[in-house]
Student: 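So that we are looking at the same thing, I have put the structure below in structure tokens.
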Amino acid sequence: MNVPLTKGAVEALCKGLDVDKPVLQLLNIRQISNASGPPRFRLMMSDGQHSLTSCLLATQLNYLSDENLLVPNCVCLLKKTVNNTLADGRRVVVVMDMDILKSAEEAGGKIGNPTPYNTDGSFTGQAPMKASPMKASPMKASPMKASPMKASPMKASPMKASAIKASPSKGLTVKVSPMKASPMKANSASPGSSAKVIPIASLNPYQSKWTIRARVTNKSSIRTWSNSRGEGKLFSFEIVDESGEIRITAFNKEVDKFFSLVEQGKVYYISKATLKPANKQYTTLKNDYEMTLHAHSSIVPCDDNQSIPTVHCDFVPIAELENRDKDAIIDVIGICKSAEDVSRITTKNSREVSKRALSIIDQTGKVVTVTLWGEEAENFDGSTQPVVAIKGARLSDFGGRSLSALFSSTVMVNPDIPQAFRLRAWYDREGFAINSQSLTETRSAGTGLNVNWKTLSDIKNEDMGHGEKAQYFSCVATVLYIRKENCLYQACPSADCNKKVIDQQNGLYRCEKCNREFPNFKYRLLLSANLADFGDNQWVTCFQETAEALLGHSAETLGHLRDTDEAAFDEVFQKANFTTHIFKNRVKLETYNDESRVKVTVMEVQPVDHREYSRRLLQNIYKLAR
Amino acid sequence: MASLLDASKPRINCSMLSQHIGRGVCFVGRVEKVHPTGKTFSVSDGEGKSATVELNEPLEEELSGIVEVIGMVSSKGVITSTTYNILREDKGIPFDLELYNEALKVIHDFPQYYPFEVAASG
């Protein structure tokens, strides 16, 4: 019994129209060798009237061929197809799902007398299809087989343009289509007509005609760059719809075109942009791709936005920030308890940037410092203790734990979301009174690093310095004794060279490093001091700067004093004894001629800030008391 | 009252006054109001509460800022001062009264770690 084929289906498919479950007969199936990835099968389908050769089998259906179900003359029901248009205008139908209704034997032969319905150049049953931009005639079978080029990319030419190593074939001008390896990734609904909206989750680089409808959740400011390759400007924004999110970037001309049009919180129809794999370095959105706008991109505001969710935020409670890794991208929401004034600092690249630090607290009772930059810092007003929500801030271990707004972060003040209202209510009721604990410790003057406070007994107890890398720590300690002998050495007078010079005994001093002789030298200090606290004592080494800080005199003065007034020289050392300071140290296990010793070097000496020290001690006591 | 100066004088704030009646104490606080006679003045502690200090002889100088008063607590909760120190604000680091109060609480919460009594009597 003959199952009727869906007449007119081929014509419809060729015209790019959707056909609902057409029944077609398979006339021919050929494997296209694929440079990389699974093999692809090309089908020649017939509806009894016309035949269609530009049909591809989606790779997930490869098993049909492997199991010999797809035999020429079998009748199939195409349950799902995707119609794609290549850059050069040709259409390809990808069969995403099909059922075999009748095997070849049952069908009993070719049904009807189908003629090829191909709008794109000649079709000869056996020869592989050639891309139309190629001059069809000179390019028959021979150059393909003879050419030194890898034959496979040539056969698959319309699909595989990129794999073609261009030149060797004569007269071949293959337009590289945006399609890369396998054009038809097993993807979703056909954007047959451009008015149809597809979900963000189904966007991929291999579909060129699509429209999405989404809300802008996060819009960055315009950023300019200037590097060795040139300069430019860009801005980026993130959009969300029911299926997911994706990041969009616009460069140079598109910045001018779209920056004022795109507003955060509004919904737009977007179509015709380039999709490419996401650069995870710049975004944390869960999408494998990201989008770049180009000259033909279109963004149209949309009024119908009830179904699109608003900002997609995954807020982390502040107390939990301690458990997150450094450099993680986090969303956070809290009440701004206090905000510092905006300050201007100069970055390493000698650029001036504004910054402002705020303290935010949430229901966990913990506080963390958030740093805002640039315009956001300047415009921020924390006087009303607003709810501040930040999407995409970076967590750092600066001062323990702190957050920094990135270029791509969005800072929302008093946002219109339920968590904000809950926070406000909590804060007004009880939050304002909490004596909260900040995860960002008060930064002691100058140091930008996480201060690692230890006591001297910790050095031995924790085997500090035994690892591969040196360890740094700070401690409060008292000087017990400083060695007077060999505290000074004669160093090379050239700037930046501190190597000890050799006294040639002829009035000249030789520096081995500079390979020169000098008539003079400069005195440099190298102290061996013994520090102690309640727990332990420790011999440490102090170089020039820290030594001068400890003794309160320059190396030159001391050198001079040693030669002239010994009593005064001794006095300097006596005065330094039993003074207490904050020492920032570097500890490392060093091996010298088979002997390993833990060596401690003082990097910095600071006077004890008693108030800060007391607060720290009190905090430690409270922690221990719990 | 020389014996007073030999005995231990725990540091207290206003809330602890009642527990030290009849004993020698050391009280640090900010001078609030000085009575016109100069024989008494009020001080406030780190928590903001006030206490009164009585002197044997009237004040000979202007009293302001933070003072450390050593004396005995009377049954009425007034400190009868034998001597006092002014912690001058123009010298050194300004005294943080709130921080001092925190430390005071710790000392009293954990007397086992702060055996001042033993040290004084020895």
Side-chain angles (χ1 to χ4, degrees), chain A residues 337-338 359 361 365-367 399 432-447 451 453 455-458 474 476-478 533-536 549 552 575-576 578-583 605-626, chain B residues 8-17 19 25-31 43-49 64-70 84-120 122:
Chain A
K337 266 185 82 152
S338 62
S359 299
I361 183 175
K366 291 280 193 286
V367 170
F432 65 94
I434 293 187
N435 193 10
S436 53
Q437 224 191 339
S438 177
L439 296 182
T440 318
E441 283 177 2
T442 39
R443 288 162 251 137
S444 46
T447 52
V451 182
W453 291 103
T455 63
L456 294 179
S457 43
D458 290 337
S474 292
V476 173
T478 309
D533 66 12
F534 66 89
D536 204 348
K575 274 185 74 177
F578 298 103
T579 54
T580 307
H581 306 263
I582 295 180
F583 293 91
V605 175
Q606 294 283 347
V608 176
D609 176 354
H610 290 278
R611 292 166 80 179
E612 194 255 321
Y613 184 37
S614 301
R615 276 194 217 106
R616 201 156 22 89
L617 289 175
L618 281 168
Q619 275 192 352
N620 287 343
I621 292 175
Y622 294 143
K623 263 192 250 175
L624 289 169
R626 277 202 219 118
Chain B
S8 75
K9 292 164 292 295
R11 291 176 173 278
I12 58 162
N13 58 15
C14 289
S15 3
M16 301 165 196
L17 271 175
Q19 290 138 358
V25 295
C26 175
F27 188 98
V28 176
R30 188 168 280 118
V31 176
V43 283
S44 65
D45 68 2
E47 285 176 340
K49 304 211 190 73
S64 69
I66 301 185
V67 292
E68 183 186 47
V69 176
I70 298 181
Y84 65 86
N85 286 330
I86 306 178
L87 303 181
R88 293 177 60 158
E89 289 171 339
D90 51 346
K91 286 203 169 152
I93 313 169
F95 191 82
D96 188 335
L97 201 55
E98 285 74 29
L99 198 54
Y100 174 80
N101 193 66
E102 293 292 313
L104 220 51
K105 288 199 292 195
V106 169
I107 294 174
H108 285 268
D109 287 342
F110 302 101
Q112 67 268 42
Y113 298 114
Y114 299 97
F116 296 125
E117 313 279 325
V118 179

Student: Starting at OH of A:Y622, measure out to CD of B:E102 and round the result to the nearest 0.5 Å.
Tutor: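 Here the interatomic distance stands at 3.5 Å.
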Student: Which bit of B:F110 is near chain A, if near means a heavy-atom gap under 4.5 Å: side chain, backbone, both or neither?
Tutor: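 Contact with chain A is through the side chain of B:F110 alone.
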Student: Could you tell me the separation between the NZ atom of B:K105 and the CG atom of A:L618, rounded to the nearest 0.5 Å?
Tutor: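 B:K105 NZ to A:L618 CG: 9.5 Å, rounded to 0.5 Å.
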Student: Using a 4.5 angstrom heavy-atom cutoff, name the option from B:D109, B:V106, B:D96 with the most pairs to chain A.
Tutor: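 Answer, by heavy-atom pair count under 4.5 Å with chain A: B:D96.
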Student: Roughly how far, to the nearest 0.5 Å, is the OH atom of B:Y100 from the CZ atom of A:R611?
Tutor: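 A:R611 atom CZ to B:Y100 atom OH measures 15.5 Å (nearest 0.5 Å).
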Student: Non-hydrogen atoms of chain A under 4.5 Å away: do they reach the side chain of B:I93, the backbone, both or neither?
Tutor: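 Side chain only.
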